[in-house]
Amino acid sequence: MKRQLVLIAGPETGRVFSLDDGQTIVIGRGQASDTQINDPRMSRVHCQVQVDGGKTLLMDNGSSSGTLVAGEKVTRYELQPGDVFAVGDTQLRYQLDTHQESNTVVGDQAFGRPQPQPAVVPLQQLVGKSLSHFRLDAIIAAGETGMIFKAHDTEHDRVAAVKVLTPDSSHQEEQKDRFVRAMNTMIGVRNPHIIQLYGAGKNGPYCWAAMEFVDGEDLTKVIQRIGIEGMLDWREVFRVAVHIGRALLEAHQRKIIHRNVTPANILRRHRDKACLLGDLMLAKAMEGTLSRQVTQPGQIIGDVPYMSPERTRGPEGVDHRSDIYGLGATLYALLTGQTPFESTSLPDLIRMVRQDEPPKPKEYQLSINERFQDVVMQMLAKRPEDRFETPADLLSELDRIGTFDNLDAD
């Protein structure tokens, strides 16, 4: 029986390290490690795995970002076959292989022997392959939770976007089934400002969701251009507020909390500048254990300015008003070219989100409508009860501004 550590996500996905009885392997990016993994978010000597007396122990070596198992930092943890741990942007799976020549599944769980997972093809190598009736033609984007492909739906002869989650064997089959069931319950959602889901499934180690392809760009790119081309007219930002407000109203009526309303999750279509909210279905489908495992490791500092104060404290107490805050922070960035709070220090940034008041947008752009500025600032209120109570209340106030100024948001 052969013990292995397999890199299943990160800059060097696919590498395999063998573990022998009595061996200790030091994991890190520096020369003092046994792995020298090219991951800038990993410490030089990050952690170590030790095989001792039949046990396989994972121990953190005082790393800067921590060693995480199921989203929780650990200092010492006994690994079981199939466990996945995260170090920096890299995820490693501990597995047992009873055949040294191949990764073929040969264990038999009925007789109590561990059943190792087959080797996982890195997501970027899925181009040209098919998941169900979706042929993956090109990579559109890559993120923390997976990769998005431009695909061809061979059954309906249409273009689609397919999001494939980063494989993680700690997602047991029951969790994967729950993900697929939850995603597929969202197929009936029809709203002009929510990206439509076509279907979801699992193929071997891959969970995926196929959705409407939007020929456009996410608002992150729009914000990046503001510093080069000048400020965005506040009327265009008002239009974003109305469109995504309508998407949040649909979500609220269905009792869905997005939890991650950021510029990266809003697409603006090229042909008509309509804005559509993405990953709403993903947030619903990843509730529970799968959500904790996928979304917590490696939280990037760039998302924090769009998090409501209550969300920085954990999932408890987060409701639709946190989504209103996320939209408010996005509108602020579109109006000013920068997030409400900026710092290179994560603790400082979290403190600012919880305690500080951002400068008013008119300090950056005098032409902004003062009533619209007040709406954005109310959306950014520290206490949820001081924000708009519901997306319907937000839309009602936006409608008053639009009527008074003869604005067309459709």
Side-chain angles (χ1 to χ4, degrees), residues 39-43 46 60 62-68 71-73 86-90 142-145 218-227 231-232 237 240 244 257-266 279 283 291-292 294-365 373 376-387:
D39 181 343
R41 293 194 64 249
M42 189 184 295
S43 297
H46 198 107
D60 184 74
S63 63
S64 58
S65 59
T67 301
L68 298 95
E72 302 293 333
K73 287 186 178 181
V87 288
D89 289 327
T90 297
E144 286 184 272
T145 60
D218 66 57
L219 293 187
T220 301
K221 296 182 177 64
V222 177
I223 294 169
Q224 290 170 346
R225 280 205 309 274
I226 288 174
M231 296 298 179
L232 197 64
V237 184
V240 175
I244 304 306
I257 305 169
H258 190 292
R259 299 182 186 274
N260 194 31
V261 178
T262 66
N265 283 327
I266 299 173
D279 272 5
S291 175
R292 290 195 297 274
V294 171
T295 60
Q296 287 189 5
Q299 174 68 54
I300 58 174
I301 198 169
D303 284 348
V304 176
Y306 300 100
M307 295 172 67
S308 63
E310 64 272 17
R311 193 175 154 223
T312 66
R313 297 182 171 93
E316 295 78 14
V318 171
D319 60 21
H320 60 276
R321 293 171 297 185
S322 292
D323 289 344
I324 290 175
Y325 183 100
L327 175 56
T330 298
L331 299 176
Y332 186 100
L334 287 167
L335 288 169
T336 66
Q338 61 186 50
T339 58
F341 307 103
E342 296 192 345
S343 174
T344 57
S345 165
L346 183 57
D348 280 351
L349 194 53
I350 292 175
R351 178 193 58 76
M352 294 165 73
V353 170
R354 292 176 179 175
Q355 300 176 10
D356 294 356
E357 294 295 329
K360 291 188 176 182
K362 282 180 76 71
E363 294 186 22
Y364 300 92
Q365 186 183 167
Q373 172 182 260
V376 173
M377 295 303 289
Q378 185 175 343
M379 296 169 76
L380 293 174
K382 299 298 179 188
R383 302 193 312 160
E385 56 268 31
D386 291 335
R387 299 172 207 147

Spacing of [X] atom [atom1] and [Y] atom [atom2] [to the nearest 0.5 Å]:
X	Y	atom1	atom2	value
M307	R354	CE	CZ	9.0 Å
S308	M379	OG	CE	12.0 Å
K362	M377	NZ	CE	13.0 Å
S65	L346	OG	CG	11.5 Å
N265	L327	CG	CG	12.0 Å
R383	E310	CZ	CD	11.5 Å

Counting only N and O atoms by type, is there a donor-acceptor contact under 3.5 Å from the side chain of D218 to the main-chain atoms of K221? yes
Over all heavy atoms of both residues, which pair between [X] and [Y] is shortest? Give the atoms and the distance, please.
X	Y	answer
P263	T330	CD-OG1, 3.4 Å
L380	G328	CD2-C, 3.8 Å
S64	S43	N-OG, 3.1 Å
S343	D348	OG-CB, 3.6 Å
P309	R313	O-NH1, 3.4 Å
H320	I257	N-CG1, 4.2 Å

Any side-chain heavy-atom pair from [X] and [Y] closer than 4.5 angstrom?
X	Y	answer
Y306	T339	yes
M352	E342	no
L334	V240	yes
R311	N260	yes
V353	Y325	yes
V87	D39	no
D356	R351	yes

- Task: Output yes when D319 and R321 qualify as a salt bridge under the 4.0 Å nitrogen-oxygen rule, no when they do not.
- Result: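 Yes.
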Worksheet item: Knowing that exactly one of H46, R41, K73 qualifies, which makes a side-chain hydrogen bond (donor to acceptor under 3.5 Å, both in side chains) with S63?
Response: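 The side-chain hydrogen bond (donor to acceptor under 3.5 Å, both in side chains) with S63 is passed solely by H46 among H46, R41, K73.
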Exercise for review: Step through the shown structure and confirm whether more than 12 heavy atoms of other residues, nucleotides or ligands are within 6.0 Å of NZ on K360.
Suggested key: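 No, because the 6.0 Å sphere around NZ of K360 holds 12 heavy atoms or fewer from other groups.
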Exactly one candidate in I223, T336, V222 meets side chain to side chain contact (heavy atoms under 4.5 Å, CB included) with L232; the answer is V222
Given side chain to side chain donor-acceptor pair (under 3.5 Å), test Y364 with Q338 step by step and report yes or no. CA-CA 10 Å; Y364 300 92; Q338 61 186 50; 2.8 Å; yes
